[in-house]
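Lettering of chains follows the sequences in order, A, B, ..., and the numbering in each one begins at 1.
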Protein chains: 2
Amino acid sequence: MSPHRPAPLVRQARTPRDGIPEATVARLPVYLRALTSLAEGGVETVSSEELASAAGVGSAKLRKDLSHLGSYGTRGVGYEVDYLVYQISRELGLTQDWRVAIIGVGNLGHALANYGGFVSRGFSVAALLDADPAVIGHTVGGLTIRPVDDLERVVAEEDIHIGVVATPAGSAQHVYDRLVAAGVTSVLNFAPVVLDTPEAVMVRKVDLSTELQILAFHEQRRLATRLAADVRRTAVDGDGGHAAEVAT
Amino acid sequence: MSPHRPAPLVRQARTPRDGIPEATVARLPVYLRALTSLAEGGVETVSSEELASAAGVGSAKLRKDLSHLGSYGTRGVGYEVDYLVYQISRELGLTQDWRVAIIGVGNLGHALANYGGFVSRGFSVAALLDADPAVIGHTVGGLTIRPVDDLERVVAEEDIHIGVVATPAGSAQHVYDRLVAAGVTSVLNFAPVVLDTPEAVMVRKVDLSTELQILAFHEQRRLATRLAADVRRTAVDGDGGHAAEVAT
DNA sequence: TCGACTTTGTGCACACGTTCACAAGTGCCT
DNA sequence: AGGCACTTGTGAACGTGTGCACAAAGTCGA
């Protein structure tokens with residue numbers, strides 16, 4: 001209920017306090033995925049060049065990223081795939097299982113609950129909650145949907161570490177506040193709102209609308225410059241008629 | 001010696017070429033949402049401080065961001081909400097409608113297709129495609145699912161600007177290639193793979209798995225430091241007891 | 001009209017992230 | 001054993017993004 005944040009100096013997502021830069025952390029899952037894929041293909045060793053190419057980054061960046069974890073890797077040879085998989089997994093905390101609760105089992109929450117495969121090893125959906133009496137009690141992906149009023153109890157009983165907010169925008173802040181009050185310190189937010197996060201809680205946002213708008217910006221820019229080019233060309237041609245198809 | 005490395009690697013679609021920094025573009029949708037919300041609340045004018053607070057950023061950052069669009073805003077007063085909404089919408093290209101095709105109508109694609117409301121003004125889902133004969137022909141959100149084999153034709157007929165890849169990981173690259181070949185230059189990828197994007201195409205990725213792993217990293221770190229603190233305290237207490245077995 | 005007050009827009013310094021280039025290791029081959 | 005080809009790890013340069021602090025520019029009241 002506090003519309004204004006009193007402290008703009010809150011340290012939120014930035015974690016320069018120790019070792020690993022945030023940008024590197026954000027790339028580790030990508031490396032891990034590429035490595036897992038390589039391991040399944042029977043590859044035992046990769047060079048930074050190969051792995052970087054598989055992960056879609058530059059090799060220097062990859063080496064610097066990995067160097068933050070330690071000096072795994074052998075000069076003249078590369079990195080042992082299995083070992084690196086283990087090290088990254090350990091660093092990301094995937095050696096233990098994180099219990100996730102999804103709040104809001106609408107279209108999106110439903111999809112997330114059923115997406116067990118794509119939530120790779122290390123996570124398990126342990127609870128589904130919703131406010132709508134019409135869906136409470138139904139079973140999705142082997143879990144029974146429980147009423148959101150029981151949120152605090154569910155978090156405690158199921159030992160929830162991560163909350164996924166998939167509610168409508170209007171309920172998101174309230175649900176978030178209750179999650180935090182119940183002791184959850186990591187939240188993934190799908191609701192299209194800016195959550196007020198005064199506490200030392202890690203919040204990450206997934207926002208389709210924002211992503212589309214960013215795409216639209218670039219698409220529009222592309223069209224604008226192409227159009228300008230056409231106009232310029234037409235002017236130079238002195239062709240007062242219809243702007244022709246500019247095939248290239 | 002380093003033989004000439006012919007890999008400058010500028011293939012990524014970074015666009016610092018002119019005006020607006022990428023980081024700013026990524027925040028404009030957030031500002032727009034906050035402004036729209038304010039406008040609905042009847043607010044006519046906001047200061048950078050207020051808007052920044054609503055958007056969860058610092059006021060200086062917000063002012064600098066907006067200054068990239070132009071000098072809207074009046075000193076001593078603030079920004080006129082409606083005007084700013086229009087300017088940001090225009091800059092983001094939301095004054096026209098972008099036609100979106102969703103490829104892959106599984107759990108996620110289904111949810112996206114029904115999420116018409118949360119895809120705010122400026123976008124319309126114009127086509128649904130899938131490879132599974134079992135779902136082709138079904139109607140979701142008022143659209144009939146068409147076979148993915150017709151992708152090229154659908155893109156042309158429906159004048160698709162943006163492709164949303166919601167297929168399984170294995171099909172994503174293939175679908176992406178076909179989209180690009182069909183002339184789509186903006187793609188939003190939900191599949192957990194790194195797409196090989198050699199062309200000047202704008203690709204953005206939404207990846208639940210990655211987000212969860214980043215949360216897990218911080219959560220683990222939090223637990224680790226807390227645990228370390230407990231151990232330290234126990235040691236200081238001189239209690240040689242059984243307190244913890246965190247030795248590893 | 002003038003002065004006090006408010007808020008924008010921005011120059012500047014700093015922090016963070018990326019890329020280059022190469023010395024330091026490592027294994028293979030002769 | 002010694003040289004050679006290869007690859008990592010990293011110092012240094014560069015570019016981008018952020019936050020501070022303040023002059024410029026506007027409003028409002030007397």
Side-chain angles (χ1 to χ4, degrees), chain A residues 5 7-28 30-31 35 43-81 83-84 87, chain B residues 1-28 30-31 43-81 83-84 87:
Chain A
R5 285 206 306 187
L9 289 178
V10 174
R11 297 202 175 175
Q12 200 171 356
R14 304 275 167 183
T15 320
R17 58 188 178 193
D18 69 22
I20 304 182
E22 191 61 26
T24 295
V25 173
R27 280 187 296 266
L28 289 181
V30 180
Y31 301 154
L35 284 166
V43 180
E44 294 186 351
T45 305
V46 276
S47 68
S48 62
E49 201 78 41
E50 294 167 319
L51 182 52
S53 153
V57 302
S59 63
K61 192 189 290 190
L62 178 121
R63 287 199 300 276
K64 185 149 286 186
D65 282 342
L66 293 185
S67 77
H68 288 292
L69 308 187
S71 247
Y72 318 126
T74 310
R75 294 170 191 240
V77 177
Y79 301 88
E80 193 194 344
V81 174
Y83 186 53
L84 200 50
Q87 290 297 343
Chain B
M1 289 294 286
S2 65
H4 55 293
R5 290 263 180 249
L9 279 177
V10 196
R11 58 186 63 171
Q12 196 68 14
R14 299 272 169 183
T15 320
R17 58 190 177 192
D18 68 22
I20 304 181
E22 193 60 28
T24 295
V25 173
R27 281 187 294 267
L28 288 180
V30 180
Y31 302 155
V43 179
E44 294 186 353
T45 304
V46 275
S47 68
S48 63
E49 201 77 41
E50 293 166 318
L51 182 52
S53 156
V57 302
S59 64
K61 192 189 290 191
L62 178 121
R63 286 198 301 276
K64 188 155 288 187
D65 282 342
L66 293 184
S67 76
H68 287 293
L69 308 187
S71 246
Y72 318 127
T74 310
R75 294 169 192 240
V77 177
Y79 301 89
E80 192 194 344
V81 174
Y83 187 52
L84 201 49
Q87 289 298 342

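- Counting heavy atoms from C-beta outward, A/L84 and A/Y31 have side chains that stay 4.5 Å or more apart.
- Straight-line distance from the CD atom of A/E44 to the C1' atom of C/dG27: 17 Å, rounded to whole Å.
- The side chain of A/R27 has C/dT18 as its nearest neighbour among C/dC20, D/dG17, C/dT18.
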Discussion item. At under 4.0 Å between heavy atoms, how does the protein contact nucleotides 23-30 of chain D? Give one character per nucleotide, 5' to 3', with B, S or -.
Written reply: -BBSS---
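- Residues B/R63 and B/S59 form a side-chain contact, since some pair of their non-hydrogen atoms from C-beta on lies under 4.5 Å apart.
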Short N/O separations, protein against nucleotides 2-5 of chain C, under 3.5 angstrom:
none

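- Closest heavy-atom contact between B/V57 and B/R27: CG1-CD, 4.1 Å.
- A straight line from NZ of B/K61 to C1' of D/dG17 spans 8 Å, rounded to a whole angstrom.
- Counting to the nearest Å, the P atom of D/dT8 and the OH atom of A/Y83 are 16 Å from each other.
- Residues from residues 63-72 of chain B placing a heavy atom under 4.0 Å of any atom in DNA chain D, listed by number, are B/R63, B/K64.
- B/T24 is not listed as a side-chain neighbour of B/L69, based on a closest heavy-atom distance of 4.5 Å or more.
- The distance from atom CD of B/E50 to atom C1' of C/dT8 is 14 Å, rounded to the nearest whole Å.
- Side-chain contact between B/Y79 and B/E50 is absent, with no heavy-atom pair separated by less than 4.5 Å.
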